[in-house]
There are 2 protein chains.
Amino acid sequence: MSVDAKVSTVESPESIVAANKIINAVSRGDIITIHASCSVLYEGRAESTIAEGDRVVMIKPDGTVLVHGDEGYQPINWQASGSDVKAEIDGDGNLLIIGVDSEYLEVNCYAVYTVTLFDNTDKAELHVRGTEAEMHERILDDPQLVESGFHDLEHEKKFPFGRVDVFGYDSDGVPVIVEVKRRSANRDHVHQLYTYLKEYKERYSEDVRGVLVAPDCTDFIAEVLNAYDLGFVPLDPLDS
Amino acid sequence: MSVDAKVSTVESPESIVAANKIINAVSRGDIITIHASCSVLYEGRAESTIAEGDRVVMIKPDGTVLVHGDEGYQPINWQASGSDVKAEIDGDGNLLIIGVDSEYLEVNCYAVYTVTLFDNTDKAELHVRGTEAEMHERILDDPQLVESGFHDLEHEKKFPFGRVDVFGYDSDGVPVIVEVKRRSANRDHVHQLYTYLKEYKERYSEDVRGVLVAPDCTDFIAEVLNAYDLGFVPLDPLDS
DNA sequence: AGCTTAATATCGGGG
DNA sequence: CCCCGATGTTAAGCT
């Protein structure tokens, strides 16, 4: 394999070889992937330890360090981007991977199975559809989605009590506060909308209606909405 | 390298070789790490696409699929645990990694640089210190942390208006609602506590005090707390 | 720098 | 299964 290939892997390297490879790769800005048996120590906003086990360690050029186990979306431990990543050999001859910032992460490798260096290029941008921002846009483009006659919309209108997703007036000229959620409506959402209405009425001594827009809501939440005299409009984030 | 080693890596495999290795490794329950140039399609709660780029793909035995770029804690795309992971060859001879559950994730690999199979064992448990649960325990062990004379504590006491972190009585026998946060106090926390007090007074026609426990709070939040006549007790999640 | 809000949030616990 | 709340939440946008 040529020296300047995109990816180079060493299997079962000596600690000192692994450390040198990592140090060089960090300075080059590679993504580094390490398969190892390691324990992990974290000290920062909280503290954590985990004893030895087989894990995958990933070091990114922005200083992110991830330690992944065999389960779940979340890493067991991590260091946020911006950290200074070092590789050392400790007194027992083990490879230490250390990420230092305002917090401290130490990965103590008792056995290194592989070290892979990835001279990657990624210029592509992620495009996501079905966000709450997109739901806002759709309502602003077509106010009838909320209700017939809804007009004079304002987006992210600031009030002393908070920022309202969409503010406007119904066909009778009554102000309407619209709260948009991309997930199923829950009690917090209802509470947030109710609080807005209450504060609005207190401050402006004017009647106002509230509408919650979300993909769906349970029967229980529907009752709560009803009890508070709030409207609900189903809107699927992905319909368009 | 022996056949039953913990880790086996192939560099620049043909698509069909990569697919077969992945299929076998999935059935064995390995952690699979793939370095590749790929595009990604996601369809589920939202939809997303990202064009070709160099990324690290990780497949876990619980059905988690992660696609990591060169920046940040978060994967570019992922599939939650529980998905059915398949590897196929498409019409162009590219390796497709597909995770199917209620959602759909497709990783289209235009070039596969490495495939690493990790027959891992990890029996260790993560121990975390400095959580909110730990702060609760410390208060229950030593009520004086909140204030002198605080007594008859109840943990996670349920009320019609919500679950109170710690409920008890002050030295004068007045009920006290304690809300605990492991992060700096903010307006939401104050609002939550204030709402509890209000509901409590309305329902039980009895005076009640509120104390917010958090590592710190800004001057602004201190003013808000003061305006609502709420107490504040600084408590560092990591002091003990 | 601080604050606010969204996120394909994830994850765990309780009813 | 739904609901609720914590997370070392992370991340983006705005003041």
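Since we're looking at a predicted model, the values are computed, not measured. The figures that follow rest on heavy atoms only: side chains count, while hydrogens, waters and symmetry mates do not. Here is the naming used below: chain letters follow the sequence lines, and residue numbers restart at 1 for every chain.
At the heavy-atom level, A:Y42 lies under 4.0 Å from base atoms of the strands shown. Among the heavy atoms of the strands, none lies under 4.0 Å from B:D188. In this structure, B:R182 reaches the sugar-phosphate backbone alone: every heavy-atom distance under 4.0 Å involves primed, P, OP1 or OP2 atoms, never a base.
When the C1' atom is compared between D:dA6 and D:dT10, the two are found 14 Å apart, to the nearest whole Å. Only the P atoms considered, C:dT4 is 22 Å distant from C:dT8, to the nearest whole Å.
A straight line from CG of B:L126 to P of D:dT9 spans 14 Å, rounded to a whole angstrom.
Distances were taken from every side-chain heavy atom of B:E132 (C-beta onward) to each of C:dT8, D:dT7, D:dC3; the shortest belongs to D:dT7. Nearest nucleotide to the B:D165 side chain, out of D:dA6, D:dT7, C:dA7: D:dA6.
For A:T131 and C:dT8, the shortest distance from a side-chain N or O to OP1 or OP2 is not below 4.0 Å. For C:dT10, one of the phosphate oxygens OP1 or OP2 lies less than 4.0 angstrom from a side-chain nitrogen or oxygen of B:W78.
Contacts between residues 43-62 of chain A and DNA chain D, counted as heavy-atom distances below 4.0 Å, involve A:R45, A:A46.
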Set out, line by line, the N/O atom pairs under 3.5 Å between protein and nucleotides 11-15 of chain D.
{"from": "D:dA11", "atom 1": "OP1", "to": "B:Y73", "atom 2": "N", "distance (Å)": "2.9"}
{"from": "D:dA11", "atom 1": "OP1", "to": "B:Q74", "atom 2": "N", "distance (Å)": "3.4"}

